[in-house]
Structures are given as structure tokens and as C-alpha cells.
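Some notes on the structure that comes next.
For ligands, and for the atoms within them, numbers begin at 1 and follow the listed sequence. Just so it is clear, the structure is predicted and the values come from calculations on it, not from any experiment.
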Amino acid sequence: MTKRIIYPGTFDPVTNGHLDIVDRALDMFGSLEIAVGENPSKTTLFSQAERVALLADSLGDRKNIQIRQFSGLLVDYAGAHEHAILIRGLRAVSDFEYELQMAMMNRRLNPLVETIFLMPNYRHIFLSSSIIKDVARHKGDISPFVPEKVNQALRNKFQEGA
Ligand code: PNS
């Protein structure tokens with residue numbers, strides 16, 4: 001049975017930690033759908049279209065990846081009649097409680113949706129989009145942690161005074 005392999009997230013913006021998870025999922029499954037969410041109650045620095053464009057720019061020559069946008073419930077996006085595997089990155093114990101809640105709720109809402117957690121390389125274990133944005137906002141060097149396009153986009157955003 002063919003299952004959709006979906007890596008959902010906000011990706012505001014994509015980091016090297018996200019790309020590490022993308023590579024691990026590609027190794028395991030051969031293809032991947034990256035689902036970029038829009039949550040009206042969550043303020044993002046980059047618009048959904050910008051987040052998609054930054055992801056597309058950051059994927060380089062990786063093959064067999066589709067980038068899609070979604071809003072509303074992830075399980076609705078995954079589809080009611082289709083088996084799907086959700087990929088989520090797990091960095092530290094602190095991630096676990098929220099991730100467990102989401103996985104359990106998604107499974108309850110749609111039993112055809114399964115969640116798999118992948119751990120990034122230890123070099124990325126401390127990375128989060130929020131911390132990256134904070135460092136960038138204060139003009140710190142984020143170049144080791146994000147793709148070059150994202151580094152430039154963050155610098156531009158904060159020059160604009162975001
Ligand atoms: O990168 P993030 O911010 O950790 O991704 C969170 C995301 C987008 C995967 C999650 O907030 C989500 O699935 N949002 C869609 C709304 C939804 O389905 N909520 C119920 C989840 S149990």
C-alpha cells in the first residue's frame with residue numbers, strides 16, 4: 001500500500017536541523033512531501049509563500065520532494081481515506097510532551113495517520129527557528145545554522161526593522 005510521507009511544520013524559517021530531518025526521511029522512504037502550515041493564531045516572521053520559497057531554495061538538488069501548503073487541521077490535509085505517515089523531528093525531552101500530544105490527537109482524529117519521530121544529528125540538537133530568529137534579530141551570526149538563502153532573508157527582514 002502506498003502511503004503519503006508528510007513532513008509538516010511551520011518552517012519559519014527552515015533551518016539546517018529541518019534539512020537534516022528531510023535527508024533522514026528521504027533515506028528511509030525515498031520521497032517526501034513537506035507541508036508548510038498556516039496557523040492564523042500564530043504570528044510568523046515570514047509569510048507562508050515566503051516560507052515555501054525559502055524551503056524550495058534551501059533544498060538544493062534533493063530529488064523527490066514536493067512542497068505543499070496547508071491550513072486547518074493537519075489530519076484533514078492528510079486526507080480522511082488515505083494512509084499517511086507524519087515525520088516529526090525530536091530534539092530533546094522537552095519536545096516530547098507536545099509531540100506526544102499532537103501524535104495522539106492526530107491518531108484519534110484520523111487512525112490512518114501515523115507519526116514517526118526522527119532525531120537530527122547532535123550538531124543540530126539545540127537549533128530551533130525561534131532561537132535562530134532571536135539571534136538574527138540581535139544581529140548575531142546565524143550562518144552556521146541555516147541555509148545561505150535563509151541567512152540573507154533573515155538579515156533583510158531585520159534590516160527592514162521587523
Ligand atoms: O514546526 P511546528 O510549528 O512545530 O509545526 C506545528 C504544526 C504546523 C505541525 C502543527 O501546529 C499543526 O499540525 N497545525 C495544524 C493544525 C492542527 O492540525 N492542529 C492539531 C494538531 S494535534
Side-chain angles (χ1 to χ4, degrees), residues 3-26 28-29 31-59 62 65-137 142 145-147 149-151 153-154 157 162:
K3 295 185 178 172
R4 282 169 71 193
I5 312 297
I6 303 173
Y7 180 24
T10 308
F11 304 104
D12 183 44
V14 59
T15 69
N16 291 344
H18 292 124
L19 295 179
D20 181 295
I21 299 296
V22 165
D23 287 334
R24 285 169 202 282
L26 272 182
M28 288 177 78
F29 298 106
S31 65
L32 186 65
E33 186 178 322
I34 302 179
V36 180
E38 182 71 320
N39 182 348
S41 64
K42 199 167 169 179
T43 308
T44 55
L45 179 63
F46 294 99
S47 70
Q48 196 176 26
E50 286 174 323
R51 286 178 277 135
V52 167
L54 284 173
L55 256 166
D57 281 337
S58 303
L59 288 175
R62 290 173 180 84
I65 302 179
Q66 291 181 313
I67 306 175
R68 300 238 174 96
Q69 307 187 18
F70 80 99
S71 56
L73 283 179
L74 181 56
V75 291
D76 290 342
Y77 168 77
H81 306 290
E82 217 175 343
H83 287 264
I85 295 178
L86 304 180
I87 305 289
R88 292 286 291 171
L90 204 55
R91 293 161 302 188
V93 177
S94 50
D95 281 343
F96 183 72
E97 196 168 343
Y98 172 61
E99 293 296 336
L100 180 71
Q101 282 178 336
M102 279 210 299
M104 292 295 134
M105 179 56 80
N106 284 332
R107 179 188 281 166
R108 179 69 207 279
L109 293 170
N110 182 352
L112 299 183
V113 167
E114 199 60 81
T115 303
I116 289 183
F117 297 105
L118 297 179
M119 277 71 73
N121 186 291
Y122 71 91
R123 283 177 292 143
H124 306 309
I125 218 88
F126 59 95
L127 285 186
S128 75
S129 298
S130 309
I131 285 196
I132 298 283
K133 283 180 283 190
D134 198 37
V135 173
R137 184 176 287 115
I142 50 153
F145 313 123
V146 292
K149 289 275 182 185
V150 173
N151 187 20
L154 280 166
K157 272 280 175 202

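- If you take CZ on F126 and CD1 on I131, they are separated by 9.0 Å, rounding to the nearest 0.5 Å.
- Those atoms of ligand 1 with a heavy atom of F70 less than 4.0 angstrom away are 15 (C).
- At least one heavy atom of R88 sits less than 4.0 Å from an atom of ligand 1.
- Look at G9 and you'll find a heavy atom under 4.0 Å from some atom of ligand 1.
- Atom 11 (O) of ligand 1 has as its closest protein heavy atom Y98 OH, 3.9 Å.
- Which of N106, L73, T10 comes nearest to atom 17 (C) of ligand 1 through a heavy atom is settled by distance: it is L73.
- One N or O on the side chain of R51 and one on the backbone of F46 form a donor-acceptor pair closer than 3.5 Å.
- Listed for the R107 side chain is no donor-acceptor partner under 3.5 Å among the backbone atoms of T115.
- The nearest heavy-atom contact from the protein to atom 18 (O) of ligand 1 is L74 N, 2.8 Å.
- Taking 4.0 Å as the cut-off, Y77 does not count as a neighbour of ligand 1 on heavy-atom distance.
- Between the side chain of K133 and the backbone N or O of D12, at least one donor-acceptor pair lies under 3.5 Å.
- Every N/O-N/O distance between E99 and ligand 1 stays at or above 3.5 Å.
- Near M105, with a cut-off below 4.0 Å to any heavy atom, the atoms of ligand 1 are 22 (S).
- The closest donor-acceptor contact from the side chain of R91 to the backbone of L127 lies under 3.5 Å.
- By the 4.0 Å heavy-atom criterion, G72 is counted among the residues contacting ligand 1.
- Within the 3.5 Å criterion, the main-chain N or O of A49 finds no donor-acceptor partner in the side chain of Q69.
- Of the possible donor and acceptor atoms, none in the side chain of D95 sits under 3.5 Å from a partner among the backbone N and O of L90.
- Atoms of ligand 1 found under 4.0 Å from any heavy atom of K42 (numbered from 1 in listed order, with element): 3 (O).
- Close approach to M102 involves these atoms of ligand 1, each under 4.0 Å from a residue heavy atom: 10 (C), 22 (S).
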Side chain to side chain contact (heavy atoms under 4.5 Å, CB included) assessment of F29 paired with K3 = CA-CA 10 Å; F29 298 106; K3 295 185 178 172; over 6 Å; no
